[in-house]
Amino acid sequence: MSVLKLKNSYTKSVEVFQPLDPQGQKVTMYSCGPTVYSFAHIGNFRSFLMADVLRRVLERNGYEVRHVMNITDVGHLTEDDVADAQGEDKLQKAAREMGWDPYKLARHYEDAFVEDARRLRMKNYSGGEAGEPDLHPRAAGHVPEMLALIQKLVENEYAYIDDSGQAYFEISKFPDYGKLSGKLIDDLEAGARVAVGEHKRDPRDFYLWKVDPKHLMQWDPHSEKGWDPADYARYRQLQPDGVDKRLKPGFPGWHIECSAMARAHLGALIDIHTGGEDNIFPHHECEIAQSFGAYHTHVPGPHGAPDEGSARNAFARYWVHGRFLLVNNKKMSKRDGTFYTVRDLLDPRAAEREELAAELETAGFKAGRVPANVLRYALISNQYTQQMNFGVDLLKQARASVERLQTRYDKLREMVGDDTDPNADGVASDSVLELVTKAEGAFDDALNDNLNLPNALAAVFGAVTELNQKELGPAEAREALRLMESFDEVLDVLDRSARSGLITRETVTTWLDAEQLVTKASHLKHWAEMPDREQLWEMIEAGQLPMAEDLAPVETMDAAVIELAVAIRQAARKAKDFATADAIRDELKHRGVQLEDTPQGFRWVLG
RNA sequence: GGUGGCGUAGCCAAGUGGUUAGGCAACGGAUUGCAAAUCCGUCACACGAGGGUUCGAAUCCCUCCGCCACCUCCA
């Protein structure tokens, strides 16, 4: 198997991945998560899904991954309104606009985020991981760790406190500031602004602790005022002597949270830090500065890095940044309103986006809704190092691709059936075994090549085409099914439930016996009284086919209903009554069951 | 203004000096009562423009054009 390589933003080069763990087993990964002041949009999720794919690829390489993704629920300032030079906390602003308590607001949007994350099958929100708060730390719950970190920075003289009780990181103390973003420290000065009420020694210095009496989320570093009791107890334990007396009640700066939470849950040095490209500067630049200032950590440059092996002042060894997703070739912007949230696409009508629903419906999306697996596919199908232009066309293509995979998967599942004995049907031919080995190898090679999804997908579709060309025996189908499932460990776009089946022609022939047909008809509530075949036929001929209300909804569509429809339709076909036969097929399709005639029999597929 | 990136057939998108990934769409054919699915074929000797280096360039060099991002909140 090939070696995993990643593009490291720190060096701008593609480097061989090697964990810091001396045993080479454990990998620590920190991903900048959402700021929960509104619904996360698909640009956010492109970045989160990039992290999701990365952790899956790491796992595929045999690593044991500990993946932390934070929730930012305090301290993220707007600072974008020139008239309001103080800036306002994003959450506070949203809370004020909605008339909500900021904590309630944060929890509301966090819940929505988790729901979206699950629907898009993010692994860190599935299984046991979902219930592990340490893997999804909230910033507001880590003020003790942040204050402890600030105190350390003050003690190490990387931070100072002004006369209004605010703390800043002193850039000039850290000469490597700017190394990640490639910015020259001197050039930054011109662009930096000094807000009203700030007493910075240097305009480039950034907030660690901010004082603003108007702010609703406040912590007093010297008393239990404003604290959650449990957090305060932890604070006392963590920092028994408290922090510098000059610090006044306030709230943490944005950058400090990630340094503190990564330290708390992963350690002072981590393997991988991910985020969107906009995080490079200033957020991650500041995190590096803080971590170094507090712990003086050095990380050795990985194999393939220009500074290979030599110590760096960085707390993460690999910095992996996803490029932006664009809409209409422009950056998505919450301000301009040119963005889609995940829920906008999954259910536009519920999100009151009627126009979008109509557009999606025209594009062939049922009820105007984009299936979550299609959205996931669309968002991961490009390489993260490239900008991606999002649009309905992309979704259409993603849907077609997912359906092609799903169809192949369903057919293989039918062929394998419930048989779990791998030796039940002999051995697969060499040609199929070779196909499977080669395809899986090509898939892995592409993923390990800096998550080259387009090439990985080329391997997937190449394999699908080759499999479609072959007549597979049972053992071969089992191998092929395993291959598809292997692909899906990373892609995670397949519906793995049994959603299709084949009813042989012979079976249907026996159903056409009058008694059996009537028995089957009893599964329909309106037809339960049918006394005999004659009367049943009269109804069929009168066009009284199974109506929508007669059939169970898709979720509970049971085999008996499908079998009845197949039987009646086949009777109609035999009688060359194709209008009736087609009407039944259309009705089933409308109800979510697609019927296909194959040489072997009648294939039905849910969905 | 500074910095970084991109421009590959109708669309999405790999490919970093020589044997042309893949997907989607469209069209033709096979199959089918009609569909669906699948297969075969076509569009496809494409690489923003112009120069240069080379036996040979999408790939290297130069110039130009267009687009995007970061430098300020943003994934």
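Not measured: the values here are computed from a predicted model.
Counting non-hydrogen atoms under 4.0 angstrom, A:Gly43 reaches a base of the nucleic acid.
With hydrogens and angles ignored, no donor-acceptor pair closer than 3.5 Å exists between the side chain of A:Arg399 and the base of B:G23. One donor-acceptor pair, N or O on each side, does fall under 3.5 Å between the base of B:C34 and the side chain of A:Asp597. Between the base of B:C6 and the side chain of A:Gln386 there is no donor-acceptor pair shorter than 3.5 Å.
The existence of a salt bridge linking A:Arg603 and A:Glu414 is confirmed by a sub-4.0 Å separation between a basic side-chain nitrogen and an acidic carboxylate oxygen. A salt bridge is absent between A:Asp212 and A:Lys210; no separation between the charged side-chain nitrogens and carboxylate oxygens falls under 4.0 Å. The pair A:Arg569-A:Asp597 meets the salt-bridge criterion, with a side-chain N (NZ, NE, NH1 or NH2) lying under 4.0 Å from an Asp/Glu carboxylate O.
If you take CD of A:Glu596 and P of B:A36, they are 10 Å apart, rounded to a whole angstrom. Computed from coordinates, the A:Asp449 CG to B:A13 C1' distance equals 15 Å when rounded to whole Å. A straight line from NE2 of A:His321 to P of B:A75 spans 13 Å, rounded to a whole angstrom. Spacing between atom CZ of A:Arg603 and atom P of B:A37 amounts to 11 Å, rounded to whole angstrom units. Distance, A:Asn44 CG to B:C73 C1': 13 Å, rounded to whole Å.
For A:Gln469, counting side-chain heavy atoms from C-beta on, the closest listed nucleotide (B:C40, B:A25, B:A75) is B:C40. Closest contact between the side chain of A:Lys183 and the listed nucleotides B:G2, B:C39, B:C24 involves B:G2. In the set B:G4, B:A37, B:G23, B:G4 carries the atom at the smallest distance from any side-chain atom of A:Lys12. Checking B:A13, B:A75, B:A21 against every side-chain atom of A:Leu325, the shortest atom distance belongs to B:A75. Picking from B:C24, B:A35, B:C70 the nucleotide with the shortest atom distance to the side chain of A:Arg585 gives B:A35. Side-chain proximity of A:Phe324 to the nucleotides B:A69, B:A25, B:C39 is greatest for B:A69. Nearest to the side-chain atoms of A:Arg323 among the listed nucleotides B:A13, B:G5, B:A36 stands B:G5. Across B:C39, B:A69, B:G33, the shortest atom-to-atom separation from the side chain of A:Arg573 is found for B:G33. Comparing B:G22, B:A75, B:C24 by their closest approach to the side chain of A:Asn279 singles out B:A75. Of the candidate nucleotides B:C40, B:A13, B:A37, B:A37 has the atom lying nearest to any side-chain atom of A:Lys411.
The phosphate of B:A14 has neither OP1 nor OP2 within less than 4.0 Å of any side-chain N or O from A:Asn455. Contact annotation: A:Lys331 side-chain N/O to B:C70 OP1/OP2 distance is under 4.0 Å. Regarding contacts with the backbone of B:A75, a side-chain N or O of A:Thr35 is found under 4.0 angstrom from either OP1 or OP2. Contact check, A:Asn389 against B:A13: no side-chain N or O comes under 4.0 Å of OP1 or OP2. For B:C39, one of the phosphate oxygens OP1 or OP2 lies less than 4.0 angstrom from a side-chain nitrogen or oxygen of A:Asn468.
Within residues 402-410 of chain A, the residues that place at least one heavy atom under 4.0 Å from RNA chain B are, in residue-number order, A:Arg404, A:Thr407.
Nucleotides of RNA chain B nearest to A:Leu595 and A:Phe45 differ in position, and the one nearer the 5' end is that of A:Leu595.
Proximity of a side-chain donor or acceptor of A:Gln387 to a complementary backbone N or O of A:Leu325 within less than 3.5 Å is not detected. No donor-acceptor distance shorter than 3.5 angstrom exists from the side chain of A:Thr274 to the backbone of A:Val320, with no hydrogens or angles considered. Side-chain atoms of A:Arg505 come within 3.5 Å of backbone atoms of A:Thr598 as a donor-acceptor pair (strictly under, hydrogens ignored).
Counting only residues at least two apart or in different chains, salt bridge (charged side-chain N to carboxylate O under 4.0 Å, His left out) contacts with residues 47-57 of chain A comprise A:Asp52-A:Arg56, A:Asp52-A:Arg376, A:Arg55-A:Glu59, A:Arg55-A:Glu129, A:Arg56-A:Asp492.
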**Complete:** A correct dot-bracket answer for RNA chain B, with pairs being Watson-Crick or G-U at under 3.5 Å, [ ] for crossing pairs and | for inter-strand pairs, is ((((((((.[[[..)..(...]]].(((((.......))))).....[[[[[..)....]]]]])))))))....
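A side-chain N or O of A:Asp410 and one of A:Gln406 form a donor-acceptor pair less than 3.5 Å apart.
Among A:Leu451, A:Leu49, A:Asn452, A:Val53, the one residue that satisfies the side-chain contact (heavy atoms from CB on, under 4.5 Å) test with A:Tyr384 is A:Leu451.
Ring geometry, A:Phe206 versus A:Tyr177: the interplanar angle falls under 30°, so the pair is classed parallel (tilted spans 30 to 60°). Ring orientation note: the planes of A:Trp319 and A:His321 are close to parallel, at an angle under 30° on the 30°/60° scale.
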